[in-house]
Amino acid sequence: MAQVSIRINGRSYDIACDDGQEDRIHALAGYVNDRVKEIADAVGQIGEQRLLVMTSLLIADELDNAQEQLANQTPQQPQPVGLSDAQSDELAENIETMAARVEAIADKLAQS
């Protein structure tokens, strides 16, 4: 199992991941960091826990919207360019997995 160090809101976190997933974790952490920055710019530095919880809720909302769009997609609607049905399903699963991981991290932060 690999170990990566990510940075969110100026703070370092060591994360374990499957071998070969390091680049993906860094990319996802970059996305989360960008979202945290957006919220911090809008409401200020309101504390690490609250900021991460708000970011988790925002990302969960984005995930829910994406899942709803996929569920409402009819066969007449084209898939996103370059994605097969199987790739779209895999992408949705990856998004769900990452949302669950973000929520677990937020829970751990809330408990500390």
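For reference, positions follow the sequence shown, starting with 1. These figures come from a predicted structure and were not determined experimentally.
The environment of CG in Asp41 is crowded: more than 12 heavy-atom neighbours from other residues, nucleotides or ligands sit within 6.0 Å.
Side-chain atoms of Asn9 and Glu48, non-hydrogen and from C-beta on, do get closer than 4.5 Å to each other. By the 4.5 Å heavy-atom criterion applied to side chains, Arg50 and Val43 are not counted as neighbours. Proximity of Gln45 to Leu51: side-chain heavy atoms (C-beta onward) are separated by under 4.5 Å at one or more points.
The two residues His26 and Ser5 make their nearest non-hydrogen contact at CE1-O, 3.2 Å. Between Asp14 and Gln3, the closest heavy-atom pair is CB-NE2, 3.4 Å.
Looking at Ile59, Val53, Leu57, Leu58 one by one, the single match for side-chain contact (heavy atoms from CB on, under 4.5 Å) with Thr55 turns out to be Ile59.
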Which pairs would a plain distance check flag for residues 61-68, meaning a side-chain donor or acceptor within less than 3.5 Å of a matching protein atom at least two apart in sequence or in another chain?
| from | atom 1 | to | atom 2 | distance (Å) |
| --- | --- | --- | --- | --- |
| Glu62 | OE1 | Tyr31 | OH | 2.3 |
| Glu62 | OE2 | Tyr31 | OH | 3.3 |
| Glu62 | OE2 | Arg35 | NH1 | 2.4 |
| Glu62 | OE2 | Arg35 | NH2 | 3.1 |
| Asn65 | ND2 | Asp61 | O | 3.4 |
| Gln67 | NE2 | Glu96 | OE2 | 2.6 |

What's the verdict on side-chain contact (heavy atoms from CB on, under 4.5 Å) for Cys17 and Glu22, showing C-alpha distance, side-chain angles and the deciding distance? CA-CA 7 Å; Cys17 65; Glu22 298 89 347; 4.2 Å; yes

Trace of the side-chain contact (heavy atoms from CB on, under 4.5 Å) decision for Ile6 with Leu28: CA-CA 10 Å; Ile6 60 171; Leu28 292 168; over 6 Å; no

Could you check Met54 against Ile46 for side-chain contact (heavy atoms from CB on, under 4.5 Å), going step by step and ending with a plain yes or no? CA-CA 10 Å; Met54 289 179 69; Ile46 56 173; 3.3 Å; yes

